[in-house]
Amino acid sequence: MTPSAVPPVPDGVSLFATPAAMAAWSGAVRARGERVAFVPTMGALHEGHVALLREGRRHADRLALSIFVNPTQFAPHEDLARYPRDLSSDLSHAAAAGVDAVFAPDRAAMYPAGHQTTVRVHEIETGMCGDTRPGHFTGVATVVCKLFHIVQPHVAIFGEKDFQQLALIRRMVRDLDMPIEIVGLPTVRDSDGLALSSRNRFLSPEERARAVAIPMALFAARARLASGERDAAVLISEVRRTLVGAVDRIDYVELRDVENLRPLEMVDRAAVIAVAVHIGSTRLIDNVRLE
Ligand code: PAF
């Protein structure tokens, strides 16, 4: 964040651009014996993020938000350059949601020259988005690990829409003995069922109308399970049948164990059915739990 790019900061919100300044704030809060909740984001905040922030407020005395479009989780052909950025609007959302501290570093602050350490969660990062976005989850695990060290939260809140990401972060926190509680929040949806996403703003009205097929397909799979169908191949092929014709490309439809994300042949335990599709030039993901 260059000084000229800093918009007015709402009252009650502290804005930090360097890891040292952010860590000093957290250190002071913790020294007073207060708890810190943290919501990491890439900005372009919408009601889904606001729900995460409200949840954060319930868990701690102070609430920190990070806004950083992390370049290392985008492959060269992906949408890093066009990813929406609007710090001014994000700060207004943050203030309205009761955020105390916003950490909005630039790339050089997070990845200074010579940076070369990464974090890799081997099994969970394979399959699903890991297959179609090679390197994505190493980028996510690395930046979230760094953010956790900088912000030092007691609790961090993530959306279940990014189900694989949430499972990966839970695993990383366990494996690296990080004393942080991870809370997952159910996906926030529009009234027609489409999961809220910063990328929805790229959809034309015609594409937005087609995108409703995604929740329709997933909800239909959940209904089929409720009426007794437990065969993963059948449920997956029904989701695919609803999606074909509505979306332009299907990256995957997968049915997996909710905890370790291993593929399931039968739904005989808590599972998740997850999809990634392309509509026009926009890639969307969604999932529902199959209990
Ligand atoms: O979910 C996101 O917005 C990002 O993947 C995250 C967790 C902020 C890491 O860059």
Side-chain angles (χ1 to χ4, degrees), residues 1 16 19 22 37-53 55-56 63-75 78-87 89-90 93-94 97 99 101-107 109-111 115 117-121 124-125 128-130 132-151 153 155-173 176 178 180-188 195-202 274 276 282-287:
M1 195 172 44
F16 303 111
M22 181 67 234
F38 176 44
V39 178
T41 77
M42 299 206 297
L45 300 187
H46 51 65
E47 281 306 311
H49 295 113
V50 171
L52 301 179
L53 292 169
E55 182 67 15
L63 179 57
L65 159 76
S66 66
I67 298 172
F68 178 60
V69 183
N70 173 38
T72 67
Q73 67 189 75
F74 290 80
E78 291 182 339
D79 57 354
L80 173 63
R82 76 162 185 161
Y83 199 86
R85 292 161 171 87
D86 188 347
L87 186 57
S89 153
D90 287 347
H93 274 99
V99 170
V102 176
F103 179 46
D106 65 11
R107 183 185 186 132
M110 287 301 280
Y111 299 111
H115 183 282
T117 303
T118 57
V119 178
R120 190 157 168 223
V121 183
I124 290 179
E125 79 160 42
M128 299 167 74
C129 290
T132 43
R133 305 188 68 188
H136 168 71
F137 286 118
T138 300
V140 170
T142 303
V143 80
V144 172
C145 180
K146 284 171 69 73
L147 289 167
F148 281 175
H149 283 302
I150 295 164
V151 178
V155 53
I157 325 289
F158 292 84
E160 287 186 351
K161 182 171 83 67
D162 296 289
F163 205 86
Q164 194 172 7
Q165 168 173 285
L166 176 58
L168 176 108
I169 286 160
R170 285 193 200 283
R171 190 71 256 170
M172 175 187 79
V173 163
L176 299 183
M178 295 175 163
I180 301 171
E181 181 193 350
I182 303 298
V183 173
L185 210 67
T187 303
V188 180
L196 297 192
S197 161
S198 303
R199 291 186 168 96
N200 289 355
R201 67 185 70 191
F202 296 139
T282 305
R283 183 177 186 274
L284 298 174
I285 59 171
D286 198 357
N287 67 78

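Both ligands and their constituent atoms are indexed starting at 1 by order of listing.
Between Tyr111 and His115, the angle of the ring planes goes over 60°, which puts this pair in the perpendicular group of the 30/60° scheme.
Checked by atom type, the side-chain pair Asn70/Tyr83 shows no donor-acceptor distance below 3.5 Å.
The shortest N or O to N or O distance between Asn70 and ligand 1 is not below 3.5 Å. Between Thr41 and ligand 1, no pair of N/O atoms sits closer than 3.5 Å.
In terms of protein heavy atoms, atom 7 (C) of ligand 1 is closest to Gln165 NE2, 3.5 Å.
Within ligand 1, counting atoms from 1 as listed, the ones closer than 4.0 Å to a heavy atom of Val143 are 9 (C), 10 (O). Heavy-atom contacts of Gln73 reach the following atoms of ligand 1: 4 (C), 5 (O), 9 (C), 10 (O) (cutoff under 4.0 Å).
Looking only at distances, a side-chain donor or acceptor of Gln164 sits under 3.5 Å from a matching main-chain atom of Cys129. Under a 3.5 Å cut-off, the side chain of Asn287 and the backbone N or O of Glu160 do form a donor-acceptor pair. A donor-acceptor pair under 3.5 Å links the side-chain atoms of Arg170 to the main chain of Ile182, judged by distance alone.
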